[in-house]
Colleague: 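Sharing a structure with you now.
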Amino acid sequence: MPKMTIPLHGEVDQTVPLSVREVLARRIDPQVMGNVVAGRLDGRPVDLSTPLASDAVLEPVMGDEPLGLEILRHSTAHLLAHAVKRLHPQAQITIGPVIEDGFYYDFLVEPPFSAEDLPGIERVMREIVAEDWPIERRVMTRDEAIRFFSERGEAYKAEIIREIPEGEVISLYRQGEFQDLCRGPHVPSTGRLRDFKLTQVAGAYWRGDSRNVMLTRVYGTAWASPEALAQYLERIEEAEKRDHRRLAKLMDLFHFQEEAPGMVFWHETGWLLYRIIEDYVRGKLAAAGYREVHTPLMLDRTLWERSGHADKFGTQMFSVVVENREYAIKPMNCPAHVQIFNQGIRSYRELPLRLAEFGVCHRNEPSGTLHGLLRARAFVQDDAHIFCTPDQVEPEAVAFIRLLFDVYRDFGFTDIEIKLSTRPAQRVGDDELWDRAEQALSQALQHQNLSFAIQPGEGAFYGPKIEFSLRDTLGRVWQCGTLQLDYVLPERLGASFVNAHGDKERVVMLHRAILGSLERFIGILLEHHAGALPLWLAPVQVALLTITDQQDGYARQVARVLEQAGLRVCLDLRNEKIGLKIRERSIQRVPYLVVIGPKEAAAGRLAVRRQNGTNLGEISLENFVADLTRERNRRGLDVVED
RNA sequence: GCCGCAGUAACUCAGUUGGUAGAGUAGCUGAUUCGUAAUCAGCAAGUCGGAGGUUCGAAUCCUCUCUGCGGCACCA
């Protein structure tokens with residue numbers, strides 16, 4: 001409904017104060033009133049029960065607008081806590097905020113809930129809804145509130161109240177026998193909460209700190225209508241269908257197994273995809289003046305001590321002991337690249353020197369974090385280090401950002417988030433150096449009219465950095481690209497050059513990656529496209545499907561022509577029905593399926609259909625090759641014209 | 001690493017209170033030569049993640065351990 005604004009002049013009767021609900025009910029159709037969850041008084045969200053004390057401007061807050069949904073979800077979080085307390089009076093309530101698409105509530109409860117407890121909790125929630133308790137606000141002093149919760153054994157609530165700043169109003173909301181500390185506002189009664197579902201349980205640390213106790217977190221979702229709830233649940237299902245680990249099985253790309261946790265077994269088709277991407281980036285880097293190198297997988301521990309990695313990340317490095325020497329498997333390539341830079345005496349004339357490497361890195365990621373390709377222990381980055389003079393930092397940054405956007409566009413990603421992380425409290429280098437470094441990076445971004453967020457204090461101790469994140473079709477954000485300025489590593493590993501005056505000068509290093517880990521990027525790509533990769537990336541681009549063995553000869557000829565045009569072809573001559581062949585290749589996400597029967601063989605043509613089921617009808621081989629070549633070469637710029 | 005859950009045939013899963021494992025798909029064999037998302041029949045297939053324990057007897061109960069899944073913390 002259109003936003004309604006009610007100026008209250010003349011509506012407020014000082015002797016008998018009206019509530020927000022009463023005033024709104026005078027203007028709003030009773031049926032519509034059922035969707036009003038709260039009011040906005042001079043722009044401030046308030047409960048419907050709020051008495052109107054003075055003239056103001058009042059608007060209704062509908063359940064399906066963003067603020068209204070937030071209120072619904074927050075009230076549903078209270079409902080959840082209410083149900084939990086009813087089932088487990090000894091449980092302690094802590095916090096229950098609204099999050100994207102839902103809410104959660106953290107409890108201290110022994111033993112912790114498991115997923116089987118959710119239906120029972122949900123049942124009690126629905127009972128409380130049926131009881132339709134009014135939700136009432138009241139205000140307490142700090143001491144009253146602390147005493148109130150302490151007496152009820154709610155130590156966490158009391159702790160939260162102690163930390164509320166002086167002068168802030170402390171309000172509680174009551175529904176039946178349950179009361180919770182809350183700023184509000186809330187829906188007027190529990191009967192208003194209908195379209196919700198508890199989705200999962202998980203452990204979560206009190207205050208997000210792993211040194212604290214682990215609480216039990218219950219996640220839920222709530223919406224303004226059954227349709228909206230159903231739509232959300234469908235969206236979740238859709239996302240599950242896109243899971244890259246599931247797609248990998250269907251498409252026969254890779255697998256994991258117990259003996260190599262977090263490390264990928266790439267199958268033939270998956271490795272083909274991997275090489276397509278690696279070769280593409282390799283070409284881009286070469287064109288941008290990078291030199292590709294290759295360095296050892298493991299290096300003596302002493303080098304990592306000198307570089308500072310052993311100190312900071314030692315526990316996350318794999319190591320091997322042989323003949324009393326300890327080698328650390330590299331978690332990154334940079335110290336090795338410095339070794340290459342350090343061979344001989346470098347002149348300023350050689351700078352900038354850009355060293356790239358597709359080297360396998362290993363990081364002992366904590367076991368609980370592994371997640372298919374998206375968080376692996378062995379991976380390859382499109383990694384490179386630029387050794388340059390301080391003056392070259394900005395132009396190098398500009399060139400890098402251009403290259404990065406070029407690459408992202410080819411992969412079909414245009415929605416990029418940029419964050420600049422500036423000097424942290426713990427850092428090395430003087431302020432003047434940091435001023436210059438931060439300015440070089442931010443000017444490089446501004447130079448290209450890119451908008452970016454600043455994350456103050458989030459830079460690495462050795463220099464500021466820019467992070468580039470992609471937003472995929474499901475709206476999820478993935479950090480991929482990075483550009484980091486580093487003054488420390490050259491210092492620690494003694495990397496310098498001779499400047500134009502013949503003096504030795506410390507070189508500046510830029511760490512940079514565009515895709516980040518190739519493994520992770522492939523996982524993102526698969527989920528982004530639901531496995532249906534753009535033509536240029538598809539490991540198999542065309543499947544030729546024969547109707548009977550009478551067409552084998554013609555199909556072979558067609559395959560040869562397509563292969564000569566540089567297309568990746570699968571020739572399916574099996575004695576199977578065409579329906580089965582189409583089904584299998586569709587599941588494998590082959591972009592183009594070509595049916596070859598007696599008709600096509602006789603006419604020397606092709607019956608073409610897309611992976612998504614669109615039938616393109618009969619095409620000549622010549623036109624087919626031309627169309628596909630064009631589509632392939634367009635890469636990310638392709639707009640499929642159906 | 002922490003909390004919860006799970007691990008049964010190549011894959012997806014079923015297997016009531018303990019009584020020596022079952023389906024669909026894939027595979028193999030045979031038949032079928034077929035027009036746009038599953039042709040039919042037969043056969044074969046499992047130390048029930050691993051180790052230990054309880055028991056006359058364990059996929060099932062207990063302990064330990066590994067791996068995976070969902071979160072949390074972490075992510076150079």
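Here is the naming used below: chain letters follow the sequence lines, and residue numbers restart at 1 for every chain.
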Colleague: Identify which nucleotide among B:rC75, B:rA76, B:rG1 has an atom closest to any side-chain atom of A:R375, counting heavy atoms from C-beta outward.
Modeller: B:rC75
Colleague: Base, sugar-phosphate alone, or nothing: which one does A:F113 contact when heavy atoms must sit under 4.0 Å apart?
Modeller: sugar-phosphate
Colleague: Would you mind telling me which residue lines up with the more 5' stretch of RNA chain B, A:M332 or A:D243, judged by nearest nucleotide?
Modeller: A:D243
Colleague: Counting only Watson-Crick or G-U wobble pairs whose two distances fall under 3.5 Å, which nucleotide matches B:rA6?
Modeller: B:rU67
Colleague: If the test is side-chain contact (heavy atoms from CB on, under 4.5 Å), which one of A:V218, A:T216, A:L215, A:I93 qualifies with A:D106?
Modeller: A:L215
Colleague: Would you indicate what A:R363 reaches in the nucleic acid, counting non-hydrogen atoms under 4.0 angstrom: base, sugar-phosphate, or nothing?
Modeller: base
Colleague: Does the gap between the ring centers of A:F254 and A:H267 come in under 6.0 Å?
Modeller: no
Colleague: For B:rC72 and A:Y219 - does any side-chain N or O of the residue sit under 4.0 Å from the phosphate oxygens OP1/OP2?
Modeller: yes
Colleague: Using atom CD of A:E116 as one end and atom C1' of B:rC5 as the other, report the distance to the nearest whole Å.
Modeller: 8 Å
Colleague: Does the pair A:Y462 and A:Q484 meet the rule for a side-chain hydrogen bond (donor to acceptor under 3.5 Å, both in side chains), with working shown?
Modeller: CA-CA 9 Å; A:Y462 50 75; A:Q484 302 187 20; 2.5 Å; yes
Colleague: When the C1' atoms of B:rU67 and B:rG50 are compared, how many Å lie between them, rounded to an integer?
Modeller: 10 Å
Colleague: Measure all distances between protein nitrogen or oxygen atoms and nitrogen or oxygen atoms of nucleotides 10-12 of chain B, and list the pairs falling under 3.5 Å.
Modeller:
| unit_1 | atom_1 | unit_2 | atom_2 | d |
| --- | --- | --- | --- | --- |
| B:rU12 | OP1 | A:K249 | NZ | 2.9 |

Colleague: Tell me the partner of B:rA41, counting only Watson-Crick (N1-N3 plus N6-O4 or O6-N4) or G-U wobble (N1-O2 and O6-N3) with both under 3.5 Å; none if nothing fits.
Modeller: B:rU29
Colleague: Over 60° means perpendicular and under 30° means parallel, so classify the ring planes of A:W266 and A:W271, tilted if in between.
Modeller: tilted
Colleague: Between N or O atoms, less than 3.5 Å apart, protein on one side and nucleotides 62-67 of chain B on the other: list the pairs.
Modeller:
none

Colleague: For B:rU55, which nucleotide in any strand shown is its Watson-Crick or wobble partner with both distances under 3.5 Å?
Modeller: none
Colleague: Pick the closest RNA chain B nucleotide for A:Y462 and for A:P112 by heavy atoms, then say which residue is nearer the 5' end.
Modeller: A:P112
Colleague: Quickly work out the A:Y205 OH to B:rC72 P distance and round it to whole Å.
Modeller: 11 Å
Colleague: Within the 4.0 Å limit for protein heavy atoms, which parts of nucleotides 26-37 of chain B are touched? Write it as a string from 5' to 3', B for base, S for sugar-phosphate only, - for none.
Modeller: ------BBBBBB
Colleague: Provide, to the nearest angstrom, the distance between the CZ atom belonging to A:R211 and the C1' atom belonging to B:rC72.
Modeller: 15 Å
Colleague: In whole angstrom, give me the gap between the C1' atoms of B:rC72 and B:rU63.
Modeller: 27 Å
Colleague: Scan A:G368 against the nucleic acid and name what it touches under 4.0 Å (heavy atoms): base, sugar-phosphate only, or nothing.
Modeller: base
Colleague: Are more than 12 heavy atoms, taken from residues, nucleotides or ligands other than A:Q90, located less than 6.0 Å from that residue's CD atom?
Modeller: yes
Colleague: Which whole number of Å gives the distance between the P atom of B:rU65 and that of B:rG57?
Modeller: 26 Å
Colleague: Between B:rC66 and B:rU16, how far is it from one C1' atom to the other, in whole Å?
Modeller: 30 Å
Colleague: Between B:rG53 and B:rC11, how many Å separate the two C1' atoms, rounded to a whole number?
Modeller: 33 Å
Colleague: May I ask which nucleotide in the shown strands pairs with B:rG22, Watson-Crick or G-U wobble, both distances under 3.5 Å?
Modeller: B:rC13
Colleague: Taking the P atom of each, how far is B:rC48 from B:rC61, in whole Å?
Modeller: 15 Å
Colleague: Do the side-chain N or O atoms of A:R245 get closer than 4.0 angstrom to the phosphate oxygens (OP1, OP2) of B:rC69?
Modeller: yes
Colleague: Does A:D209 pair with A:R207 as a salt bridge, N-O distance under 4.0 Å?
Modeller: no
Colleague: Taking the six-membered ring for Trp, are A:F400 and A:F468 parallel (under 30°), tilted (30 to 60°) or perpendicular (over 60°)?
Modeller: perpendicular
Colleague: Look at the side-chain N and O atoms of A:H371 and state whether any lies under 4.0 Å from the OP1 or OP2 oxygen of B:rG70.
Modeller: yes
Colleague: In whole angstrom, what separates A:N333's CG from B:rA76's P?
Modeller: 16 Å
Colleague: I need the CZ-P distance between A:F103 and B:rG71, as an integer number of Å.
Modeller: 16 Å
Colleague: Quote, to the nearest angstrom, the C1' distance that separates B:rA31 from B:rA23.
Modeller: 25 Å
Colleague: Please report the distance separating the C1' of B:rU55 from the corresponding atom of B:rU17, rounded so that it comes out in whole Å.
Modeller: 16 Å
Colleague: With a cut-off of under 6.0 Å to the ring centre and 45° to the axis, is A:R211 in cation-pi contact with A:W206?
Modeller: no
Colleague: State, without any angle test, whether A:S421 and A:Q455 hold a side-chain donor-acceptor pair at a distance under 3.5 Å.
Modeller: yes
Colleague: Regarding A:A202, tell me which of base, sugar-phosphate or nothing describes its non-hydrogen contacts under 4.0 Å with the strands shown.
Modeller: base
Colleague: Please state how far atom CE in A:M214 lies from atom C1' in B:rC2, giving the value in whole angstrom units.
Modeller: 4 Å
Colleague: Expressed as a whole number of angstroms, how long is the span from A:R246:CZ to B:rC69:P?
Modeller: 15 Å
Colleague: For A:A530 and A:R242, work out which heavy atoms get closest and say how close.
Modeller: N-NH1, 3.6 Å
Colleague: Take atom CZ in A:R506; do more than 12 heavy atoms of anything else shown fall under 6.0 Å from it?
Modeller: yes
Colleague: If you measure from the Lys or Arg side-chain nitrogens to the Asp or Glu carboxylate oxygens, is any gap between A:R235 and A:D101 under 4.0 Å?
Modeller: yes
Colleague: In whole angstroms, how far is the C1' atom of B:rU25 from the CD atom of A:Q588?
Modeller: 15 Å
Colleague: Do A:F413 and A:H528 have ring centroids that are under 6.0 Å from one another?
Modeller: yes
Colleague: Is any NZ, NE, NH1 or NH2 atom of the basic residue among A:E618 and A:R605 found under 4.0 Å from an Asp or Glu carboxylate oxygen of the other?
Modeller: yes
